[in-house]
Structures are given as C-alpha cells and as structure tokens.
Q: 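First the structure, which I've put down as structure tokens, then a few questions once you've had a look.
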Protein chains: 2
Amino acid sequence: MTRETGGGRVLEHPEPAAIRLEGVLHALADPMRLRVVCELASAESELSCSYFDLPVTKSTTTHHFRVLRESGVIRQFYRGTAKLNALRRDDLAALFPGLLDAVLEAAGKEEARLGV
Amino acid sequence: MTRETGGGRVLEHPEPAAIRLEGVLHALADPMRLRVVCELASAESELSCSYFDLPVTKSTTTHHFRVLRESGVIRQFYRGTAKLNALRRDDLAALFPGLLDAVLEAAGKEEARLGV
DNA sequence: TCCATCGTACGAGGGTCACCGTAGTACGAC
DNA sequence: GTCGTACTACGGTGACCCTCGTACGATGGA
C-alpha cells in the first residue's frame with residue numbers, strides 16, 4: 001500500500017456540491033494559475049508545488065495553490081515534506097461537463113497563437 | 001437595408017486576435033456579467049442595456065457591459081437612444097472552441113442545482 | 001540531535017474592481 | 001426648441017487581489 005505521511009496536517013477541500021462556477025472561472029482567470037492547471041493536466045500524475053517554476057516567490061505560489069484548492073479545481077495532500085497537487089477532473093466533469101477540457105484546449109490554442 | 005443610427009458614437013471592440021483567454025474568463029467570473037451573457041445567449045437577438053433588470057444601479061450596469069465588450073465577449077452598437085448588445089459567438093467559437101457553450105451549460109446546470 | 005528542504009502564516013504595499021451618486025450628452029418625439 | 005429616455009463620464013469609496021519579505025513549523029535524512 002501507499003504510505004501517506006504528512007501527519008496531522010489536514011487540508012480543507014470544498015465538497016462537489018459547494019463548488020461554484022464563478023469561483024472556478026475566477027481561479028482559472030489568472031495566468032499563473034492557468035499555467036499550473038495546464039501543467040497538471042498534461043502531467044497525468046500528482047506534482048509537488050516545488051515542481052512548478054513560477055516567476056513569483058514561494059509565498060505567492062502558496063497563495064495561488066490555495067485559491068485553486070479552495071475553488072475546487074485541484075486536490076492537495078501531503079507526502080513527507082512535499083505537497084502534491086492533482087486536478088479534480090472527475091468532480092469538475094460531473095458539475096460542469098466539458099468546461100475544463102474547453103479551457104485547457106483554449107489555453108493550448110492561445111499559447112500556440114501568441115507564443116514564439 | 002437596416003438603417004443604423006447612432007451617428008458619430010463609435011465603440012471600441014478588440015479584434016479577434018486581441019482577445020485573451022484570461023480576459024474572457026475574468027469577464028465571465030462575475031455573477032452579474034454571467035447572467036447577462038446567459039440572457040443574451042438565450043435571446044438569440046440583440047438586447048438593449050435597459051432590457052436587463054440587474055440589482056445594481058445603471059452606472060454599475062454600464063461598467064459591466066464595458067468589461068464584457070472590452071474583453072471581447074459581446075459586441076455593442078447604437079440604434080437611436082438604445083445601445084444593443086450581442087454575443088460574439090463566432091469570434092469566440094473560432095478562438096476557443098466549445099468554451100462558451102460549456103460555460104453556458106455549466107451556468108444552466110448550476111442555476112438548476114442551486115435555484116429554488 | 002542537527003540540518004536542509006519544503007511549505008505556511010503574517011503583515012504590508014500597490015493595484016484593480018464593484019459599486020454608487022451626480023452631472024452631462026445623444027437621440028427621437030412633439 | 002423643448003422634453004423625456006437611454007446611456008456615459010467622472011469622482012469617490014471600500015473591498016479584494018497579487019505580490020512580496022520575513023519568520024516560523026513540519027518532515028526526513030545525516
């Protein structure tokens with residue numbers, strides 16, 4: 001079995017029924033957070049916070065991950081000193097079918113359109 | 001032909017290439033604006049600003065319509081004293097396929113889920 | 001035990017946002 | 001020209017958001 005360490009540190013997550021569309025859209029409307037979500041989507045496995053090399057400080061990174069978690073977009077849990085992050089694909093697909101995929105595709109298209 | 005009055009009053013709209021995903025998501029993340037977009041989508045024809053009965057003052061309503069226009073979500077033009085509003089369905093569908101439909105469907109589902 | 005790593009909590013600054021009230025402009029009807 | 005309707009521009013206010021620096025806690029390994 002997978003041993004989950006992290007001790008008594010518990011993270012609050014909204015239940016599916018408490019996830020609000022406005023909150024999800026607001027969470028995705030920030031460039032940093034959208035970037036995190038895109039990387040999580042393409043990774044297909046949990047990624048630690050330190051995996052991401054965002055052009056902001058650690059405290060700002062913590063803030064963005066908290067917004068994503070509290071809006072219901074990602075799920076977070078501890079393993080040792082690391083905090084792992086995963087998209088809540090199933091919950092989002094049940095609440096807002098096609099929304100996450102459309103946003104991810106749009107982000108990919110926009111990156112191709114604007115990127116070098 | 002349809003005579004468009006409104007004279008010298010010209011409204012700035014972003015070209016499709018200038019529409020940014022973050023801006024669109026931010027515009028849709030506000031309850032008032034999401035409500036406007038849903039009503040425009042179900043109307044299937046232009047609606048004047050005064051058609052909407054939002055629980056805010058007129059100046060705030062003007063602000064929200066301006067955000068929607070400048071983010072590229074709606075198109076506005078004058079006809080007489082009225083200012084008409086229409087969704088930029090084609091432009092959005094070309095840039096972000098499926099995004100608008102997914103958001104509209106999600107908004108409908110959420111209203112049914114939370115509503116009376 | 002001591003340390004390095006990883007992430008958090010807190011406070012603060014600077015900017016943006018949503019909202020309002022008032023004053024004003026553009027248009028059509030008379 | 002005058003009036004009413006529709007909307008705008010402007011200024012202001014309080015709240016929120018993104019960002020940071022610093023100090024702190026929690027974990028695992030030497």
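Chain letters run A, B, ... following the sequence lines, proteins first and then strands; every chain starts at 1. Since we're looking at a predicted model, the values are computed, not measured.
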Q: Scan B:Ser48 against the nucleic acid and name what it touches under 4.0 Å (heavy atoms): base, sugar-phosphate only, or nothing.
A: sugar-phosphate
Q: Would you mind reporting whether B:Pro97 and A:Glu105 have side-chain heavy atoms less than 4.5 Å apart?
A: yes
Q: Could you tell me whether A:Ser50 contacts a base, only the sugar-phosphate backbone, or nothing, with contacts defined as non-hydrogen atoms closer than 4.0 Å?
A: sugar-phosphate
Q: Would you say D:dC7 has OP1 or OP2 under 4.0 Å from some side-chain N or O of B:Arg66?
A: no
Q: Can you tell me if A:His64 touches the phosphate of D:dT19, counting only side-chain N or O atoms and a distance under 4.0 Å to OP1 or OP2?
A: yes
Q: Name the closest nucleotide to the A:Cys49 side chain, picking from C:dA18, C:dG7, D:dG21.
A: C:dG7
Q: On DNA chain D, does the nearest nucleotide to A:His26 precede the nearest nucleotide to B:Ala82 from the 5' side, or the other way round? Give the residue.
A: B:Ala82
Q: Rounded to whole angstrom units, what separation is found between the OH atom of B:Tyr78 and the C1' atom of C:dA26?
A: 8 Å
Q: So does B:Asp30 pair up with B:Arg35, basic N to acidic O under 4.0 Å?
A: no
Q: When only distance counts, do a donor and an acceptor, one from the side chain of B:Ser59 and one from the base of C:dG21, lie under 3.5 Å apart?
A: yes
Q: Would a distance-only check, ignoring hydrogens and angles, find a side-chain to backbone donor-acceptor pair under 3.5 Å from A:Asn85 to A:Gln76?
A: no
Q: Below 3.5 Å, does any donor atom in the side chain of A:Lys58 face an acceptor in the base of C:dG7, or the other way round?
A: yes
Q: Between B:Tyr51 and D:dC7, is there a contact of a side-chain N or O with OP1 or OP2 at under 4.0 Å?
A: no
Q: Verify the distance criterion only: is there a donor paired with an acceptor across the side chains of A:Thr57 and A:Thr60 at less than 3.5 Å?
A: yes
Q: Phosphate oxygens OP1/OP2 of D:dC7: is one of them under 4.0 Å from a side-chain N or O of B:Thr62?
A: no
Q: Give a yes/no on whether any side-chain N or O of A:Arg79 is located under 4.0 angstrom from OP1 or OP2 of C:dC6.
A: no
Q: Measure from CD on A:Glu12 to P on C:dT8 and round the result to the nearest Å.
A: 14 Å
Q: Is A:His63 touching bases, backbone alone, or none of the nucleic acid, heavy atoms closer than 4.0 Å?
A: base
Q: For B:Phe77 and C:dC27, give me the distance from atom CZ to atom P, rounded to whole Å.
A: 15 Å
Q: Rounded to the nearest 0.5 Å, what separates atom CG in A:Leu25 from atom CG in B:Leu34?
A: 7.0 Å
Q: Has A:Thr81 got a side-chain N or O lying under 4.0 Å from the OP1 or OP2 atom of D:dG28?
A: no
